[in-house]
Amino acid sequence: MTLLSINVNKFALLRNARGTNHPDLVEISYLCIKYGAQGITVHPRPDERHVKFADLPLLSKLIKNQDQKIEFNIEGYPSDKFCKIVKEIKPDQVTLVPDPPGALTSSFGWDCLKYKSLLIDVVKNFQQKNIRVSLFINPSIESLINLNEILPDRVELYTFDFAKNFNHNPEEAIEPYLKVVQFLQQNIPSISYNAGHDLNLKNLNFLLTKIPLIKEVSIGHALVCDAFEYGLKDTIQKYLTITKR
Ligand code: PXP
């Protein structure tokens with residue numbers, strides 16, 4: 001089984017469009033949990049155009065107050081501000097992404113050669129606070145040099161390329177990901193796997209069938225779009241039918 005973590009950034013984007021608190025991000029996140037989401041993911045960007053840093057304590061409280069275990073995952077670039085707030089909030093997991101400040105969305109994973117010392121420090125620091133650390137990575141073994149020293153708990157496979165190529169040739173689209181997972185299993189067996197970006201109702205089952213080790217998928221854009229057609233409750237059920245297989 002793979003855990004479904006819903007990325008609520010797009011709901012926050014809608015809220016911010018009118019400068020009011022509608023839709024209320026805490027209420028929407030509660031509905032996601034009520035309808036079966038096993039995790040909530042947020043990606044507070046420096047310009048706060050989606051989730052704002054002020055949303056984090058409220059979401060954390062909601063998540064901690066649930067009877068069942070819900071995973072809280074905070075994604076972002078490890079700036080001083082980001083690291084300080086994440087350590088205060090203490091989510092279950094922090095996913096480190098190398099986005100520059102104005103990025104529209106995350107569009108590449110870490111270059112572990114170039115950012116070795118930054119990542120070693122940041123990863124160790126979060127781990128000492130008992131926060132699980134996941135690194136957003138490209139489907140390329142070359143970008144993983146030094147990962148054995150950085151030693152995050154997990155990696156999040158950046159699935160944009162998979163999603164883009166899936167419609168043409170699913171087997172070819174998954175190939176680089178299978179190679180990366182095989183490489184990591186052989187070389188750093190302690191690492192577990194998450195996946196995210198552009199996953200949807202069409203490509204998710206194939207991904208999870210090919211890489212059943214994936215522990216968590218974080219899905220935002222497509223799920224919110226599907227909710228226009230099927231409603232939030234039925235949409236989440238459709239995703240859960242795939243992830244709970
Ligand atoms: N993972 C990371 C690191 C992301 O930045 C995002 C988008 O915020 C996602 C997953 C989710 O991608 P999508 O919105 O395409 O489902």
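One-based numbering along the sequence shown. When a ligand or atom number is given, it counts from 1 through the structure's own listing order. Quick caveat, the model's predicted, so the values are computed rather than measured.
Every pair passing side-chain hydrogen bond (donor to acceptor under 3.5 Å, both in side chains) that includes a residue from residues 30-41 is listed here, sequence neighbours excluded: Ser5-Thr41, Thr41-Asn73.
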Pairs of nitrogen or oxygen atoms, one from ligand 1 and one from the protein, closer than 3.5 Å: please tabulate them with distances.
from: ligand 1; atom 1: 1 (N); to: Glu75; atom 2: OE2; distance (Å): 3.2
from: ligand 1; atom 1: 1 (N); to: Glu156; atom 2: OE2; distance (Å): 2.6
from: ligand 1; atom 1: 5 (O); to: His43; atom 2: ND1; distance (Å): 3.1
from: ligand 1; atom 1: 5 (O); to: Glu75; atom 2: OE1; distance (Å): 3.4
from: ligand 1; atom 1: 5 (O); to: Ser106; atom 2: OG; distance (Å): 2.5
from: ligand 1; atom 1: 8 (O); to: Asn7; atom 2: ND2; distance (Å): 3.3
from: ligand 1; atom 1: 14 (O); to: His221; atom 2: N; distance (Å): 2.9
from: ligand 1; atom 1: 15 (O); to: Asp198; atom 2: N; distance (Å): 2.8
from: ligand 1; atom 1: 16 (O); to: Gly220; atom 2: N; distance (Å): 2.8

*Evaluation steps, side chain to side chain contact (heavy atoms under 4.5 Å, CB included), between Leu213 and Gln185*: CA-CA 11 Å; Leu213 285 174; Gln185 280 194 284; 3.4 Å; yes
*asked:* Determine whether Lys238 and Glu229 satisfy the following criterion, salt bridge (Lys or Arg N to Asp or Glu O under 4.0 Å), listing intermediate values before the conclusion.
replied: CA-CA 12 Å; Lys238 283 178 191 286; Glu229 185 171 355; over 6 Å; no
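The hydrophobic cluster containing Leu13, built from Ile/Leu/Val/Met/Phe/Trp/Tyr side-chain heavy atoms closer than 4.5 Å, comprises no other residue.
Not counting sequence neighbours, the partners of Lys61 by the side-chain contact (heavy atoms from CB on, under 4.5 Å) test are Asn65.
If you run side chain to side chain donor-acceptor pair (under 3.5 Å) between Gln93 and each of Glu156, Glu216, Glu75, Glu71, only Glu216 comes through.
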